[in-house]
Amino acid sequence: MSGIDFTVYKGSSSGKVVKSKTHKEVLQPDEVLIKITHAGLCGTDLHYKTQDMVLSHEGVGVVEKIGSEVKNFKVGERAGWGYLHNACLHCDQCLSGNEIFCPKRALYGIADFDQGAFASHAIWREAFLFHIPDAISSAAAAPLMCAGATVFNALELHGVRPTDRVGVIGIGGLGHLAIQFAAKMGCNVVVFSGTDSKSDEAKALGAHEFYATKGAKNLDIGRPVNYLIVTTSANPDWNLYLPVIAPRAIIAPLTISEGDFKFPHNPLVVKGIRIQGGICPSRGLHVKMLRFAALHGITPVIQEFPLTLEGIEEAIDKLEKGKIRYRGVLVAQA
């Protein structure tokens, strides 16, 4: 049979990862065939491991073939992609540079179920691929495709300034990158974590202050934070945090959780607090994130696993048990 065949690793109804094949009849004129070298494991992947779809949305690889109309990628160059695979490019959201909110967007988990980064290859539209700066290794680039892009989007899109005092709740896959980006933006970074065990590491990443919250009745941090990034899956104890949140502050919950987001009504109104939702950025900010990370040496803390069925199962098991520090990266075997 003619066409393009490649190996993929999918979820299943039992939650067990299965090895399969994807077939594409032809490479469209605006599409790029990528040989995947590195794939990031994200907490979101755990939500989809019981679905019949190829897992992972943090992909990095080498261009192997290009369509006849591709102009910005050449064979042999590195390319990466994230949560967003496609958009109409004609609606109000797309025309204003916000294609991540396009009504016809193709996102991981809702489209392109036969493709993902846990695979030997992938085929994507050129318009939704990103060049990897020379200063960033492919292993480091994979988590930046989602985790790094998400925290950068939260900081950059909503106007965080160097004069702001930025709080980060949680030091994990998102939190350790939020600390680095906020610090390199010139912000005063305040980190909140359950215990003191990660204090030294948080400060090495760029935090200026660290506060342990487990068992605390109140937090004495001096000047309150103007911006609070929540990277924990569980809702924080808002009674503990409200006294250290400045009037007109922005709270950005970044993780995807089941159930409702709950927040005290009166403080929200009286202090003029904004709860700002958001996911990965649109393409323009994604490119800026990669340039910023390359310029400032922002690097995810990663654990590597082989991009095999066994390697994926091991990485998922460790992530479910909270033993990944801080992003899992699957590496293709030669």
I36/V60 under side chain to side chain contact (heavy atoms under 4.5 Å, CB included): CA gap, chis, key distance, verdict: CA-CA 6 Å; I36 296 168; V60 174; over 6 Å; no
Side chain to side chain contact (heavy atoms under 4.5 Å, CB included) evaluation trace for N72 with E126: CA-CA 8 Å; N72 294 315; E126 172 192 23; 3.0 Å; yes
Residues L27, I4; criterion side chain to side chain contact (heavy atoms under 4.5 Å, CB included); working and verdict: CA-CA 8 Å; L27 191 68; I4 302 169; 4.3 Å; yes
Derivation of the side chain to side chain contact (heavy atoms under 4.5 Å, CB included) call for T213 and S193: CA-CA 6 Å; T213 59; S193 186; over 6 Å; no
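For residues 295-313, the set of pairs meeting the salt bridge (Lys or Arg N to Asp or Glu O under 4.0 Å) definition, not counting sequence neighbours, comprises K16-E313. Applying the salt bridge (Lys or Arg N to Asp or Glu O under 4.0 Å) definition to pairs two or more places apart or across chains, those involving residues 267-287 are E99-R283. Each salt bridge (Lys or Arg N to Asp or Glu O under 4.0 Å) pair with one or both residues in residues 34-60, not counting sequence neighbours, appears once here: K10-D52, K49-E320, E58-R327.
The structure places CD of Q180 at 10.5 Å from CZ of F292, a figure rounded to the nearest 0.5 Å. In this structure, L157 CG and F152 CZ are separated by 10.0 Å, a value rounded to the nearest 0.5 Å. Between atom CG of residue L285 and atom CG of residue L290 there is a gap of 11.0 Å, rounded to the nearest 0.5 Å. One distance of note links CZ of F305 with CD1 of I316; it measures 10.5 Å at 0.5 Å rounding. Interatomic distance, R105 CZ to I110 CD1, rounded to the nearest 0.5 Å: 5.5 Å. The CD1 atom of I275 sits 4.0 Å away from atom CD1 of I251, with the distance rounded to the nearest 0.5 Å.
Looking at heavy atoms from C-beta onward, E314 lies out of side-chain contact with L330 at the 4.5 angstrom threshold. Contact annotation: the side chain of C42 never approaches that of S56 to less than 4.5 Å [non-hydrogen atoms, C-beta and beyond]. Side-chain contact between H296 and F181 is absent, with no heavy-atom pair separated by less than 4.5 Å. In this structure, the side chains of H23 and K21 stay at 4.5 Å or more apart for every pair of heavy atoms. Taking 4.5 Å as the limit, some side-chain heavy atom of C146 sits within range of a side-chain heavy atom of T150. Taking the side chain as every heavy atom from C-beta outward, T232 and V230 approach each other to under 4.5 Å. Residues D200 and F210 are not in side-chain contact: their nearest non-hydrogen atoms beyond the backbone lie 4.5 Å or more apart. Considering only heavy atoms from C-beta on, T308 comes within 4.5 Å of Q333 through its side chain.
M145 and I298 fall within the same hydrophobic cluster, where Ile, Leu, Val, Met, Phe, Trp and Tyr residues are linked whenever their side-chain heavy atoms come under 4.5 Å apart, directly or through other members. Cluster annotation: L129 is connected to I100 through the hydrophobic network of ILVMFWY side chains, with a link wherever side-chain heavy atoms come within less than 4.5 Å. Linking ILVMFWY residues whenever their side-chain heavy atoms come closer than 4.5 Å, directly or via other members, leaves V287 and W124 in distinct clusters. A single hydrophobic cluster is not seen to contain both F6 and L309; linkage of ILVMFWY side chains at heavy-atom distances under 4.5 Å, directly or through other members, places them apart. In the hydrophobic cluster analysis, where Ile, Leu, Val, Met, Phe, Trp and Tyr join through side-chain heavy atoms closer than 4.5 angstrom, L144 is grouped together with I229.
Y227 approaches A252 most closely through the heavy-atom pair OH-CB, 3.9 Å. Across every non-hydrogen atom of N153 and P281, the tightest pair is OD1-CB, 3.3 Å. In plain terms, the two heavy atoms of I324 and A315 that are nearest each other are CD1-O, 4.0 Å. Of all heavy-atom pairs between R78 and D134, the closest is NH2-CA, 3.9 Å. Across every non-hydrogen atom of Y83 and T44, the tightest pair is OH-CG2, 3.2 Å. Shortest non-hydrogen contact noted between A216 and A212 is CB-O, 4.3 Å.
Annotation: side-chain contact (heavy atoms from CB on, under 4.5 Å) contacts of A140 (sequence neighbours excluded): I136, S137, T299, P300. Evaluation of the salt bridge (Lys or Arg N to Asp or Glu O under 4.0 Å) rule for K321 yields D317 as partners, not counting sequence neighbours. R291 pairs by the side chain to side chain donor-acceptor pair (under 3.5 Å) definition with nothing, not counting sequence neighbours. In this view, R125 and D30 satisfy the salt bridge (Lys or Arg N to Asp or Glu O under 4.0 Å) rule, not counting sequence neighbours. For the side chain to side chain donor-acceptor pair (under 3.5 Å) test, residues two or more places apart in sequence or in another chain that qualify with E201 are R325, Y326.
Although no hydrogens or angles enter the test, the distance criterion places no donor-acceptor pair under 3.5 Å between the side chain of S20 and the main chain of Y9. With S138 contributing its side chain and H38 its backbone, the two residues share no donor-acceptor pair below 3.5 Å. Side-chain N or O atoms of S199 include none that pairs as donor or acceptor with a backbone N or O of D196 at under 3.5 Å. At distances below 3.5 Å, not a single donor-acceptor pair connects side-chain atoms of E31 with backbone N or O atoms of I66. The main-chain N or O of V189 is found under 3.5 Å from a side-chain atom of H208 such that the two form a donor-acceptor pair.
A perpendicular orientation is assigned to the rings of Y108 and Y48, their planes being inclined by more than 60° (bins at 30° and 60°).
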Please tabulate, for the side chains in residues 234-249, all donor-acceptor contacts under 3.5 angstrom to protein atoms that are two or more places apart in sequence or on a different chain.
residue : atom : partner : partner atom : Å
D237    : OD1  : N239    : N            : 3.1
W238    : NE1  : K262    : O            : 3.1

Kindly list each side-chain donor-acceptor pair under 3.5 angstrom involving residues 162-177, sequence neighbours excluded, with atom names and distances?
residue : atom : partner : partner atom : Å
D164    : OD2  : R161    : N            : 2.9
R165    : NE   : R223    : O            : 2.5
R165    : NH1  : N188    : OD1          : 2.5
R165    : NH1  : E209    : OE2          : 2.8
R165    : NH2  : E209    : OE1          : 3.0
R165    : NH2  : E209    : OE2          : 3.4
R165    : NH2  : I221    : O            : 2.7
R165    : NH2  : R223    : O            : 3.2
H176    : ND1  : G172    : O            : 2.7
H176    : ND1  : G173    : O            : 3.3
H176    : NE2  : V301    : N            : 2.9

Anything under 3.5 Å between a donor and an acceptor, one on a side chain of residues 111-122, the other on a protein residue two or more places apart or in another chain? List them.
residue : atom : partner : partner atom : Å
D112    : OD2  : H85     : ND1          : 3.0
D114    : OD2  : K24     : NZ           : 2.8
Q115    : OE1  : I123    : N            : 2.5
Q115    : NE2  : I123    : O            : 2.8
S120    : OG   : T7      : N            : 3.0
H121    : NE2  : E64     : OE1          : 3.1

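H131 has its ring centre less than 6.0 Å from the ring centre of F73.
In the hydrophobic clustering, where aliphatic and aromatic side chains (Ile, Leu, Val, Met, Phe, Trp, Tyr) are joined below 4.5 Å either directly or transitively, V331 groups with I302, V329.
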